[in-house]
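Worksheet for the structure shown next.
Since this is a predicted model, take the numbers as computed values, not measurements.
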Amino acid sequence: MSRAANGMPAGQRDPDVPAVFVEDLTVAYHDKPVLWDLDVAFKDARLTAIVGPNGAGKSTLIRSILGLVKPASGRALVFGQPYHAMRRAVAYVPQRGSVDWDFPASALDVVTMGGYGRLGWFRRPGRAEHQRALEALETVGMTDLAERQIRQLSGGQQQRIFLARALMQDAAVYLMDEPFAGVDATTEDAILRLLRTLRDAGRAVIVVHHDMLTVRDYFDDLVLLNVRLIAAGTIAETFTAANLARAYGGDIARLAQLAGPEAA
C-alpha cells in the first residue's frame, strides 16, 4: 500500500477535485426513474457508505460511476475526468451474487486478473505479477487457498478473493457493492480492517451497505438515497432519525434508536 495509486499518483492530484463527483445524474429504466437529479461528491481518504431502501438506486449509482449504465442526464467524473479516461484509477468489487462462480480458475488466477489493466490483455503475467497476487492473497488471509478452485470456496472466502483482486489494481478509488453481505463475523472483521487500511492510505473507499446497525461504527461518511439524495456528509451530520425517516419511512422511534441517542 505504499505505492502511489495506480493511474493517479498522489502528487498529481488537485486537492480541490473530489475523487468522484456526480452531477445532475438521472437514470431511468423503462421510463421509471431509479436515480433523480443526483449531486454528490466522494472524497479521498474517506470510507463512505451508500445506504437506502431496496430500489433506492444504490447499485445503479455505482454502475453509473463505472460507465456501465447510460444516464438520462448528468454525469459522473473520477478526479475530474470521465471514467473511461481514469479506469486504471478505479477498482470495483461487485455483489458476490452477480458473479458466475463456475468458471474454472484458481483463487490465484482470479487475483492475478486484477493486474491485467496494467499489463494489457496481450501480455502474460510474469513473476512480478505472480508475487503481487500472492501478497494480495496474504493481505486478505487467503494464501493457503491460492490453488483452490474459486467455485470450491465459501461465500466469505470468495468475497476475500475479489477484494484481493481489487488490491492488485492498486487503485485510487475503490467501489464495492455490498462486500459485507452474506459473510461470517470473521470475514466481516477482515474486510473492515482492509477497507480502513485503504482509507488510511489515502484511497476513496465507497461501499454500498445494508446493515443499518453498523453504519455508525464502520464509516466516516454517508450518502443516503431513496431515488433522490436524502443527505450526504459525515456520519454525525447525516445519520439522524429525521433523515432515516425521510429515506425509509416507518417507525420514527426505531429509526431514532438506529441513529443513536444523540440523534433522537
Working note: T112 + R165, criterion side chain to side chain contact (heavy atoms under 4.5 Å, CB included); need CA distance, chi angles, decisive distance, verdict. CA-CA 7 Å; T112 304; R165 187 184 70 164; over 6 Å; no
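- Taking 4.5 Å as the limit, some side-chain heavy atom of L195 sits within range of a side-chain heavy atom of M176.
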Take L35 and L225 through the test side chain to side chain contact (heavy atoms under 4.5 Å, CB included) and record every step on the way to the result. CA-CA 9 Å; L35 291 172; L225 293 180; 4.1 Å; yes
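- When all heavy atoms of T238 and N243 are compared, the pair lying nearest together is O-ND2, 2.9 Å.
- Formation of a donor-acceptor pair under 3.5 Å by the D44 side chain with backbone atoms of A19 is not found in this model.
- A salt bridge is defined here as a Lys NZ or Arg NE, NH1 or NH2 lying under 4.0 Å from an Asp or Glu carboxylate O, and D220 with R199 meets this definition.
- Clustering ILVMFWY residues whenever any of their side-chain heavy atoms sit less than 4.5 angstrom apart, transitively, puts W36 in a cluster other than the one holding I230.
- Inter-residue side-chain proximity for F162 and P94 is flagged as met; some heavy-atom pair is nearer than 4.5 Å.
- Nearest heavy-atom pair across A172 and F79 is CB-CE1, 3.6 Å.
- Here the side chain of R203 pairs a donor or acceptor atom with the backbone of A201 at under 3.5 angstrom.
- Summarising the geometry of I191 relative to Q159, their closest heavy-atom pair is CD1-CG, 3.9 Å, with the distance given to 0.1 Å.
- In terms of hydrophobic clustering, with Ile, Leu, Val, Met, Phe, Trp and Tyr side chains grouped at heavy-atom distances under 4.5 Å, L77 and V20 are assigned to different clusters.
- Of all heavy-atom pairs spanning A91 and A171, the tightest one is N-CB, 3.6 Å.
- Side-chain contact, Q95 with S59: a donor N or O sits under 3.5 Å from an acceptor N or O.
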Between L198 and L167, is a side chain to side chain contact (heavy atoms under 4.5 Å, CB included) present by the stated rule, with each step listed? CA-CA 9 Å; L198 291 168; L167 288 178; 3.7 Å; yes
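- Side-chain contact between L47 and D221: absent, with no pair of heavy atoms (C-beta onward) separated by less than 4.5 Å.
- For the residue pair H209 and E178, no side-chain donor N or O sits within less than 3.5 Å of a side-chain acceptor on the partner.
- In this structure, V183 and P179 approach most closely via the heavy-atom pair CG1-O, 4.1 Å.
- Donor-acceptor pairing under 3.5 Å is recorded for the side chains of T187 and D184.
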Using the rule given for ring-ring contact (aromatic ring centres under 6.0 Å, His included), can you reason through Y218 versus F180, listing the C-alpha separation, both sets of side-chain angles and the distance that settles it, and then say yes or no? CA-CA 11 Å; Y218 285 11; F180 298 106; 5.4 Å; yes
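- Y174 and L192 end up in the same hydrophobic cluster when Ile, Leu, Val, Met, Phe, Trp and Tyr side chains are linked at under 4.5 Å.
- Between F239 and L244, the closest side-chain pair of non-hydrogen atoms falls below 4.5 Å.
- Considering only heavy atoms from C-beta on, L61 stays 4.5 Å or farther from V69 through its side chain.
- Looking at V205 and R46, their side chains never come closer than 4.5 Å, going by heavy atoms from C-beta outward.
- When side chains are defined from C-beta on, R75 does not count as touching L25, because their heavy atoms never get closer than 4.5 Å.
- Between the side chains of D109 and S106, a donor-acceptor pair is found at a separation under 3.5 Å.
- Partner of S154 under the side chain to side chain donor-acceptor pair (under 3.5 Å) criterion, out of Q152, Q158, Q157: Q157 alone.
- Note that CZ of R132 is 12.0 Å distant from CG of L137, once rounded to the nearest 0.5 Å.
- A distance of 5.0 Å separates CD1 in I65 from CD1 in I206, rounded to the nearest 0.5 Å.
- Placement of V208 and L68 within a single hydrophobic cluster is found when ILVMFWY residues are connected by side-chain heavy-atom separations under 4.5 Å, directly or transitively.
- When the shell of 6.0 Å around CD of E138 is examined, it contains 12 or fewer heavy atoms from other residues, nucleotides or ligands.
- Contact between K58 and I50 at its shortest, heavy atoms only, is CD-O, 3.7 Å.
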Evaluate the side chain to side chain contact (heavy atoms under 4.5 Å, CB included) criterion for residues K43 and T48: first the C-alpha distance (whole Å), next the side-chain angles of each, then the deciding distance (0.1 Å), finally the verdict. CA-CA 9 Å; K43 301 176 183 177; T48 303; over 6 Å; no
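- Residues L153 and L194 share a single hydrophobic cluster, defined by chaining ILVMFWY side chains whose heavy atoms lie under 4.5 Å apart.
- Looking only at side-chain heavy atoms (C-beta outward), V51 and F219 stay at 4.5 Å or farther from each other.
- Q169 contributes a side-chain N or O that, together with a main-chain N or O of V90, makes up a donor-acceptor pair within less than 3.5 Å.
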I'd like to know whether D200 forms a side chain to side chain donor-acceptor pair (under 3.5 Å) with T197, so could you lay out the CA-CA distance, the side-chain angles of the two residues, the decisive distance to 0.1 Å, and finally the verdict. CA-CA 5 Å; D200 293 345; T197 298; 5.8 Å; no
